Colleague: 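I have a structure here, written as structure tokens, and I will follow up with some questions on it.
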Amino acid sequence: MKSVLIFIVVLLVAIQFIPAKVVNPKSNVSLEIKAPKKVMKILKKSCYDCHSNEVKLPWYASIAPASFFIKRHVSLGREWVNFSIWNSYTAKQKDKKLEQIFRSVYHAMPLPDYLKLHKDARLTQKQKNIIRNWTGKTPY
Ligand code: HEC
């Protein structure tokens with residue numbers, strides 16, 4: 001039993017040396033998405049922590065294994081949609097992403113794991129409608 005505990009402690013210490021730092025690339029304001037104020041407010045509050053170059057990191061973001069999850073969420077999130085570089089997407093890409101955003105706010109986004117720790121990021125029905133209307137898409 002004791003050796004198992006020692007093993008776990010050693011492991012926890014060891015993984016702290018695995019780099020998993022989220023870096024916010026320098027923002028280019030002209031590339032950031034432009035949307036009505038009420039839309040921006042929702043995106044910034046509920047989406048920017050994974051889909052932008054302005055990720056706000058909690059204190060535990062530098063502690064493994066939490067750091068691994070956060071790093072992965074932000075990397076994947078930015079790959080799908082990065083609101084900080086929205087204007088570098090082609091018209092076709094934007095259209096596709098708006099379609100995905102329309103669908104994602106039904107249930108998938110923000111990520112459920114994230115919502116457990118950021119309860120105020122959960123979208124109300126009203127906020128979901130604001131985002132959906134803004135995308136200009138309709139259910140099919
Ligand atoms: C905690 C991090 C996090 C937050 C917050 C978050 N996302 Fe995501 N998002 C992700 C990750 C990770 C993926 C990739 C999921 C995958 O590959 O399975 C993703 C994928 C997506 C996708 C593409 C995949 C799909 O579902 O169609 C869209 C669109 C999206 N997010 C929109 C949003 C919007 C809009 C918000 C805010 C309301 C938001 N996300 C908040 C992490 C996040």
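None of these values were measured; they are calculated from a predicted model. One-based numbering, in listed order, for ligands and for the atoms of each.
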Colleague: Tabulate distances under 3.5 Å between N/O atoms of ligand 1 and N/O atoms of the protein, writing both atom names on each line.
Modeller:
residue	atom	partner	partner atom	Å
ligand 1	7 (N)	H51	NE2	2.8
ligand 1	9 (N)	H51	NE2	2.9
ligand 1	17 (O)	W80	NE1	3.3
ligand 1	31 (N)	H51	NE2	2.8
ligand 1	40 (N)	H51	NE2	2.7

Colleague: Taking the inter-plane angle between the rings of W86 and Y89 on a 0 to 90° scale, is it parallel (under 30°), tilted (30 to 60°) or perpendicular (over 60°)?
Modeller: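 Perpendicular: the ring planes of W86 and Y89 meet at over 60°.
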Colleague: Tell me who clusters with Y60, hydrophobic residues only, linked when side chains sit under 4.5 Å apart either directly or through other members.
Modeller: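 Taking Ile, Leu, Val, Met, Phe, Trp and Tyr as members, Y60 shares its hydrophobic cluster with V22, V55, L57, W59, I63, I70, V74, L117.
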Colleague: Does the plane of the ring in Y48 sit parallel, tilted or perpendicular to the ring in F83? Use 30° and 60° as the thresholds.
Modeller: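 Parallel, since the angle between the ring planes stays under 30°.
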Colleague: Suppose clustering is done on Ile, Leu, Val, Met, Phe, Trp and Tyr with side-chain heavy atoms closer than 4.5 Å. Which residues sit in the same group as V10?
Modeller: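 Besides V10, the hydrophobic cluster comprises I6, listed by chain and residue number.
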Colleague: Can you sort out the partners of F68 under ring pair (Phe, Tyr, Trp, His ring centres under 6.0 Å), two or more places apart, ordered by chain and number?
Modeller: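 With sequence neighbours excluded, F68 shows a ring pair (Phe, Tyr, Trp, His ring centres under 6.0 Å) to no residue whatsoever.
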Colleague: Verify, without hydrogens or angle tests, whether E54 (side chain) and S84 (backbone) share a donor-acceptor contact under 3.5 angstrom.
Modeller: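 Not at all, since once roles are kept as given, no pair shorter than 3.5 Å links the two residues.
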